[in-house]
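Order of the sequence lines fixes the chain letters, A, B, ..., with proteins taken first and strands second; residue numbering starts at 1 for each chain. Note that these values count all heavy atoms, side chains included, but never hydrogens, waters or copies made by symmetry.
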Protein chains: 2
Amino acid sequence: MAQDKENTERILRPLPTLSDVAQAAGVALSTASKALNGQGKLRPETRERVLEAAKQLGFRPNDLAQSLVRGRSFTVGLLSTDNYGRFSIPLVTGIEDALVNAQISVFLCNTLGSPEREQQHLDSLLAKHVDGIIVTSDRTNSRAPIDLGKLDLPVIYAYTRVEDPNVLCILPDDEQGARLAVEHLIKQGRRHFAHITGPVYFEAVQLRAKEMRAVLGEHDIPFTERRVLSGAWEESWGYEAANILLDRDPLIDAIFCGSDQIARGVVDGLRERGIRVPEDIAITGFDNWEVMATAVRPPLTTVDLNLHELGKLAGTRLLQMIDGQRPTGIERVPCSLVVRESSAAQSKSIQTKSKIQQREA
Amino acid sequence: MAQDKENTERILRPLPTLSDVAQAAGVALSTASKALNGQGKLRPETRERVLEAAKQLGFRPNDLAQSLVRGRSFTVGLLSTDNYGRFSIPLVTGIEDALVNAQISVFLCNTLGSPEREQQHLDSLLAKHVDGIIVTSDRTNSRAPIDLGKLDLPVIYAYTRVEDPNVLCILPDDEQGARLAVEHLIKQGRRHFAHITGPVYFEAVQLRAKEMRAVLGEHDIPFTERRVLSGAWEESWGYEAANILLDRDPLIDAIFCGSDQIARGVVDGLRERGIRVPEDIAITGFDNWEVMATAVRPPLTTVDLNLHELGKLAGTRLLQMIDGQRPTGIERVPCSLVVRESSAAQSKSIQTKSKIQQREA
DNA sequence: TTGTAGGCGTTATCAG
DNA sequence: CTGATAACGCCTACAA
C-alpha cells in the first residue's frame, strides 16, 4: 500500500519525510525525530538504525515545518534601500559571512528607492517570519525607520541610519577616516590644503570636511572655505574642480578628495596643467575602490571604509539581537588608510618653489 | 480564558493568527480562511466582517504554514558561484525584478568559489523547499552542474553554463556583440584592426575574437593574429598592450577592446604617444560599464551586455519552469551597441596619412 | 452559507 | 528507552 502510494507520487517530490524514515527504520515517528536531533536517550543501536535509514533515503528535515513548530525561521531579510551599487558588494558579502556561519539564510530585497516596494518587501518578510532584518542603503544619510507595526523584531541599520536612538545603526567612521588622510598629508610636509568632494547633502561629505578643518586647526594650519569644492561624485567633477582650484589658488600642495573617482579626475586635471603628483601636489582619495585607485597614475593613497568588516559586524550584532540582546545607538567602524604613491613626501625642490610662489603672492 | 492566554504571551509575538481573526469576527476558522482567500461562497456581509477583523488585528498569514500545506514556498535560491562583482549587480536586480512581481522571495547565496560552501548553501535551499534555483557566476565559462540528487527542481544557469544539454543556460550573445562593434568600426571607414582583450581562458574572449575574424573576413579585410593581444582584465594591460601594438604595427586605425577597462588603458597609452582618438585610431570597449566608459576622454563606444535584461529573462524562465514548463538548451540575450565619441568616422587627413604610411611600409 | 475534521512535516510532552 | 499524542498555523474537502 505504502509502496503503491509512493510509486504513484510525482517524481517531482520524492522528498522523504520523517515518517518515511521511521517506517524504514522500523521505529515510531517520534523516535526517529529524537534520533536525528540527538535528543533524549535512545539505545545507540536504534539511533544507528534511524541514521542509516535517513541517509539511505536522502532525508532532509523540512525547514518549513521545523520553523513552524520552533517559532524561528533561521532566515533574515536584507532590505537594500537603493538600487544598490558598488558599496553594497563588500557590505553584503560581509553580512552573509557572519550569517551563513550561523546557518541563517538571507532574503535579498531591493526596494529601488520606492516606499511602496519597500512596504511590499517588508510585508513579505514578516509573513515569512524572518528572525531579523538588516536595512542598508547606498549612503550613510539618515532615513525613515521601517514600519514594523507593534512587532518587536530585531532590526539593524547598516551604512544608513535613523534618528531614533533606540535602534542600532552601524556606520563607517567618516571623521576618523578623514583624520587619517589629513594627518597623513600633514606628515608628508603638506601645509596648503584643498578639499574636492561630493554633494553637501551627503552626511559623509559634511563629516569629512568638518574633521579636516578640525585636524588642520589642531596643527595650526590655516585653511579657507574657498578651498572646499563640492560637486558630483564623478571623475569629471574632479577634473573640473582641479582647474577651478588652481586658477584661484596655485599654492595648494595637498588635495584631500572625497572619493577615488573624484581623485582620479583631479590627478588627470593636474597632469594636463603640468603639475606633478605627488611632487607638486599630494592627493588622497576616499573609498579604496581598488579598480579605480590602483589604475590612476600614480596609484592613489586612499581611505578604506572597511565595508566588509562593517557588514560582518552588522551580521554579528543581528545574531546577538536574535539571541535576546538589544544593543542600540550608533556604532562606528573605523576606516583605514591605504598608502600608495599619490601622497609621497614633498620633494625639496618643490618646497623651495612654493616658498618662492608664496613670496610672489 | 483566551484573553488571559493572550495577555501572558510575550510581546515578541503579537502576531495574530487566523483563529484570532475568526474569533474576533465571530466565525469559524475555515470561514475566516475562505473569506481571506476569496474562496467558496460566503455572504458578503460575513466576508466583510472577517476582512475588517483581519485588518483590525493586523493579521498576516504565516507563509511558513501556507507553504507547508500548499507544497510551494514562493522562494527561490540565487546561487552566486563567485564572490560577485560588478557584473552581478544588474544581473541580480534583473532577476529580482522578474521574481518580485510574482511575489517570490529570493535567497542570496554566495559560495565564494568554494564547493563545500556551495553544497552547504544547496542543502539549506533544499531544506527550505525553494521552488527553484538560479545559478550565476562572474564569467560565462562552463561549470559543473549543481548536484540535486534525484530531485527534480527547476534550475537555471544565468551568465554561466553547464555542458548538459538538458538544462537551461542563459548567456549574453558575445559573438553578436563583437559583430556589432566590429561592423560599426568598419562603417566608420576603418580597415586596420587590432584586438586587445582579456585572458584566453575566458570563453567570452574566444567568442569575441572568433567573431571579429569572421566579420573582417566577410568584408575582405585582412587580419593577422599578431594583432590579437590577450592579457589581464586591467587598465594597465590595455596601456601596455597599446604600446606593444603600436611599436609593432603603426598602421592600426581601429582597436576593438575586450573590456572598457582595457579600452581606457589603451586610450591613455595612445594619448601619451600623441595618437588621437578617434581621429587616428578608433576604439571600442566592451561591457558598457558606465562609470568607466563615460569617464574616458573621449567617452567610449562600447557593447552593452544587457545584463539586467538577461537577469529578467532568467527570472521569467524560472517562473515558467516552476509552472511546469521545461525549456532547455542555451538561450542567448543580444547585446547592444552604445555609440559614444571614441569611434567616430576616420577623418580625411588621417586616411591620407595612413595611405602614406602604408606605402612606406 | 457555515462549521467540523483531517492533514502538511516537525518537535515536545508525557505515558507506557 | 520508546511510542502515542498534541501542538505550530493554515488549507480544504466534506458534512451540517
Side-chain angles (χ1 to χ4, degrees), chain A residues 2 5-6 9-10 12-51 53-54 57-74 126-129 131, chain B residues 2 5-6 9-10 12-51 53-54 57-74 126-129 131:
Chain A
K5 196 188 163 208
E6 270 189 41
E9 272 178 359
R10 344 168 31 193
L12 294 178
R13 299 200 136 269
L15 293 180
T17 161
L18 186 56
S19 81
D20 293 334
V21 174
Q23 196 171 324
V27 298
L29 187 76
S30 57
T31 309
S33 172
K34 278 179 215 157
L36 291 169
N37 293 313
Q39 302 278 7
K41 285 146 222 272
L42 326 191
R43 197 183 316 162
E45 164 192 328
T46 317
R47 164 160 302 162
E48 255 329 302
R49 202 144 36 92
V50 173
L51 258 40
L57 293 165
F59 169 77
R60 270 179 228 290
N62 183 334
D63 277 7
L64 265 38
Q66 276 189 184
S67 302
L68 192 58
V69 59
R70 291 219 249 244
R72 268 200 58 186
S73 64
F74 286 85
L126 297 184
K128 295 222 154 50
H129 282 225
D131 298 332
Chain B
K5 196 189 162 206
E6 270 188 41
E9 272 179 358
R10 349 174 18 199
L12 295 177
R13 300 197 135 274
L15 292 181
T17 160
L18 186 55
S19 80
D20 293 334
V21 175
Q23 196 171 324
V27 299
L29 190 84
S30 61
T31 309
S33 171
K34 279 179 215 157
L36 291 170
N37 294 313
Q39 302 279 5
K41 287 146 219 276
L42 330 189
R43 197 182 317 159
E45 162 192 331
T46 317
R47 162 159 304 160
E48 257 328 302
R49 202 143 37 92
V50 174
L51 258 39
L57 293 164
F59 170 77
R60 272 176 227 289
N62 183 333
D63 277 7
L64 267 37
Q66 266 184 199
S67 302
L68 194 58
V69 58
R70 291 221 248 247
R72 268 200 58 185
S73 64
F74 286 86
L126 297 184
K128 294 220 154 50
H129 282 225
D131 297 333

Nearest heavy-atom neighbours spanning [X] and [Y]:
X	Y	answer
A:Ser73	A:Ser67	CA-OG, 3.4 Å
A:Phe59	A:Leu36	CE2-CD1, 3.5 Å
A:Lys34	A:Arg47	O-NH2, 3.9 Å
B:Leu57	B:Ala24	CD1-CB, 4.0 Å

Any B:Thr46 side-chain nitrogen or oxygen under 4.0 Å from OP1 or OP2 of C:dT2
yes

For the pair made of [atom1] in [X] and [atom2] in [N], what is the distance, rounded to whole Å?
X	N	atom1	atom2	answer
A:Arg72	D:dG9	CZ	C1'	19 Å
B:Arg49	C:dT2	CZ	C1'	11 Å
B:Arg43	C:dG3	CZ	C1'	14 Å
B:Arg47	C:dT2	CZ	C1'	13 Å
A:Gln23	D:dG3	CD	P	13 Å

Please answer whether the main-chain N or O of B:Ala127 pairs with a side-chain N or O of A:Arg60 as donor and acceptor at a distance below 3.5 Å.
no

Scan nucleotides 9-16 of chain C nucleotide by nucleotide, 5' to 3', and note B when protein non-hydrogen atoms come under 4.0 Å of the base, S if they reach only the sugar-phosphate, - if neither.
BBBB----

Got a sec, which residues hit salt bridge (charged side-chain N to carboxylate O under 4.0 Å, His left out) with A:Arg70, two or more places apart in sequence or on another chain?
none

